[in-house]
Chemist: 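I'd like to ask you about the structure that follows.
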There are 2 protein chains.
Amino acid sequence: MARSVEFDEEQAIQKAMEVFWEKGYNGASLRDLTEAMQINSSSLYNTIGDKKELFLRSVQRYADDRRKDSKRRLESGKSAFDILIEYINDAVDVIIAKKNGCMAVKMAFEVGNTDKRVADVLKADSDFAFSFLRDLIKSAMKEGRISADEEPELLADYFNSTWTGWYESYILHKDGDKIRRMAQFFIKQISK
Amino acid sequence: MARSVEFDEEQAIQKAMEVFWEKGYNGASLRDLTEAMQINSSSLYNTIGDKKELFLRSVQRYADDRRKDSKRRLESGKSAFDILIEYINDAVDVIIAKKNGCMAVKMAFEVGNTDKRVADVLKADSDFAFSFLRDLIKSAMKEGRISADEEPELLADYFNSTWTGWYESYILHKDGDKIRRMAQFFIKQISK
DNA sequence: TCTTTTCTGAAACAAATGTTTCAGAAAATT
DNA sequence: AATTTTCTGAAACATTTGTTTCAGAAAAGA
């Protein structure tokens, strides 16, 4: 039989993801990508495919990571309300600490209207986050920590869309305290 | 003396803006741009400058349009609260009706971290929207239509960042009712 | 009308893009 | 160890990119 693939595909996708994350789909060149992945373009085309395919896999990978993160949070044993608050605070930390914010948001705005396959992955990611939040909100309502005046579905959508604006604010103003204040206000509003 | 410029620069910038708006900075090629502007690249380089300069002017133009729109709203003679509600509802309409959402948001995510000059224009635009909203919120508080429990500055930031998430939601889910529900909830929350 | 200056169109430019080619190296099985 | 299959590296590919060139057309003033 023959020789087997030399490079670690998962590791390579991870590196590609980081490049796309920083430069965007159109801003990242094949040479940027293969250099970061430390593979030759022939290997890339032999295994993963072309640039579009690599991008799809990168976004997919990002979504997978988020899904794992959500699972981890659910298994933490904390109360639903506490998980929600921690989730919000962690989102704030990501916005402020990570140089490039949330990849899903960035890509939604760059290619969400043009690349159907990527848009579907992002939509599925958003749907998953929605369920995650809706269930937590429902539980937090039962715990009596969140006012049950509104439908959990509406609140979940509202939650989900709220961080996005914080990302934009941080990109433009680089003001961490501003984000923290908005987050505190948000928490205060939904708490009972 | 000599011949004068043949094409209408303002009209050309307008066309360029539309192309950038749809395709993004990296996604728009010089040929896309000059075709839409209906001018030769030599004319472009003779008058406006290179691609970066054209982009800057396009973003600038977008910001100018928004400023004019805000001024128009202030001069409408309506109450501050009504202006705010109308502003929110119009934002919702733009999200749902316009194919490409808000240009400022899109560009903030694409080049906000890499192109300093564009980022400055976007920041100034955001600052202007902030003042516009803060003043309206202050007035609406005096009118007794918005609860004065929070600082107008915080609410203005909160307002300003809220639409962004709605844009993202609409790109992914194409669900106008979802946006309208979030907007209604938002209005309900801030109303007294 | 003639001159002078400047703008425009088409073509050309080098560099960068995404992708393919292929000879030889490398591994797995026999 | 020989064989066979497949992977890899470097180079080449055709396009597309952003930008420049320049001859001639066009306008304004003399």
Side-chain angles (χ1 to χ4, degrees), chain A residues 1-61 106-107 110-111 114-118, chain B residues 1-61 106-107 110-111 114-118:
Chain A
M1 292 292 279
R3 181 174 180 194
S4 44
V5 180
E6 206 171 71
F7 69 97
D8 181 339
E9 195 164 313
E10 287 310 302
Q11 213 166 298
I13 296 275
Q14 170 74 29
K15 287 292 177 189
M17 184 185 82
E18 289 166 14
V19 174
F20 280 129
W21 197 339
E22 190 194 330
K23 308 199 168 192
Y25 175 73
N26 286 302
S29 77
L30 250 293
R31 277 149 187 87
D32 290 337
L33 291 162
T34 50
E35 189 193 357
M37 299 165 80
Q38 301 234 58
I39 64 170
N40 190 276
S41 59
S42 73
S43 299
L44 171 62
Y45 279 79
N46 261 345
T47 52
I48 295 160
D50 64 7
K51 189 186 179 186
K52 275 197 136 66
E53 201 65 37
L54 177 61
F55 183 57
L56 191 69
R57 293 278 300 270
S58 299
V59 176
Q60 189 75 257
R61 155 64 80 91
K106 182 166 175 158
M107 298 317 171
E110 188 182 352
V111 303
T114 51
D115 188 327
K116 178 81 175 63
R117 294 170 68 203
V118 171
Chain B
M1 290 294 280
R3 180 175 180 191
S4 43
V5 180
E6 207 172 71
F7 69 98
D8 181 340
E9 194 165 313
E10 285 311 302
Q11 214 166 297
I13 296 276
Q14 170 75 28
K15 286 292 179 190
M17 185 186 83
E18 288 166 15
V19 174
F20 280 130
W21 196 339
E22 190 193 330
K23 307 199 167 192
Y25 174 74
N26 286 303
S29 77
L30 249 293
R31 276 148 188 90
D32 290 336
L33 291 162
T34 51
E35 189 193 358
M37 299 165 82
Q38 301 236 54
I39 63 170
N40 191 275
S41 59
S42 73
S43 299
L44 171 62
Y45 279 79
N46 261 345
T47 52
I48 295 161
D50 64 8
K51 189 185 179 187
K52 275 198 136 64
E53 202 65 38
L54 177 61
F55 183 58
L56 190 69
R57 294 277 300 272
S58 299
V59 176
Q60 189 75 255
R61 153 66 80 91
K106 182 166 175 157
M107 297 317 170
E110 186 182 353
V111 303
T114 49
D115 188 327
K116 178 83 173 64
R117 294 170 70 205
V118 171

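Each chain gets a letter, A, B and so on, in the order the sequences are listed, and its residues count up from 1.
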Chemist: Expressed as a whole number of angstroms, how long is the span from A:E35:CD to D:dG9:P?
Modeler: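 Value for this atom pair: 14 Å.
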Chemist: Measure all distances between protein nitrogen or oxygen atoms and nitrogen or oxygen atoms of nucleotides 17-20 of chain C, and list the pairs falling under 3.5 Å.
Modeler:
unit_1, atom_1, unit_2, atom_2, d
C:dG18, OP1, A:K51, NZ, 2.6
C:dG18, OP2, A:L30, N, 2.5
C:dG18, N7, A:R31, NH1, 2.9
C:dG18, O6, A:R31, NH2, 2.9
C:dT19, OP2, A:Y45, OH, 2.3
C:dT19, OP2, A:K51, N, 3.1
C:dT19, O5', A:Y45, OH, 2.7
C:dT20, O4, A:S41, OG, 3.0

Chemist: Give the rounded distance in Å between these two atoms: CG of A:D8 and P of D:dC7.
Modeler: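 Going from CG in A:D8 over to P in D:dC7 covers 15 Å.
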Chemist: Is there a donor-acceptor contact under 3.5 Å linking the side chains of A:Q14 and A:E18?
Modeler: yes
Chemist: Give the rounded distance in Å between these two atoms: CZ of B:F7 and P of D:dA26.
Modeler: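 The answer, rounded to whole Å, is 17 Å.
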Chemist: Taking 4.0 Å as the cut-off, does a side-chain nitrogen or oxygen of B:S43 come that near to OP1 or OP2 on C:dC7?
Modeler: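 B:S43 to C:dC7 OP1/OP2: no side-chain N or O under 4.0 Å.
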Chemist: Do side-chain atoms of A:K106 reach the backbone of A:W21 as a donor and acceptor pair under 3.5 angstrom?
Modeler: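 Indeed, once roles are kept as given, a pair shorter than 3.5 Å links the two residues.
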Chemist: Decide side chain to side chain donor-acceptor pair (under 3.5 Å) for B:S43 and B:N46; before the verdict, give the C-alpha distance in whole Å, the side-chain angles of both, and the deciding distance to 0.1 Å.
Modeler: CA-CA 5 Å; B:S43 299; B:N46 261 345; 5.9 Å; no
Chemist: To the nearest Å, how far apart are B:F55 CZ and D:dT17 P?
Modeler: 17 Å
Chemist: Using whole Å, what does the distance between atom C1' of nucleotide D:dG18 and atom CD1 of B:I48 come to?
Modeler: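 Distance check: B:I48 CD1 to D:dG18 C1' gives 15 Å.
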Chemist: Give me the ring orientation class for B:F55 and B:F20: parallel if the planes are under 30° apart, tilted from 30 to 60°, perpendicular past 60°.
Modeler: perpendicular
Chemist: From CG of A:N46 over to C1' of D:dA10, roughly how many Å is that when rounded to an integer?
Modeler: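 About 15 Å, once rounded to whole Å.
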Chemist: Take the protein atom CG of A:L44 and the nucleotide atom C1' of D:dA10, then report the distance between them rounded to whole Å.
Modeler: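 In whole Å, D:dA10 C1' and A:L44 CG are 16 Å from each other.
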Chemist: Identify which one of A:V19, A:I48, A:D8 satisfies the side chain to side chain contact (heavy atoms under 4.5 Å, CB included) criterion when paired with A:M37.
Modeler: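 It is A:I48, the one option of A:V19, A:I48, A:D8 that forms the side chain to side chain contact (heavy atoms under 4.5 Å, CB included) with A:M37.
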Chemist: Considering only heavy atoms from C-beta outward, does the side chain of A:L54 approach that of A:L33 to under 4.5 Å?
Modeler: yes
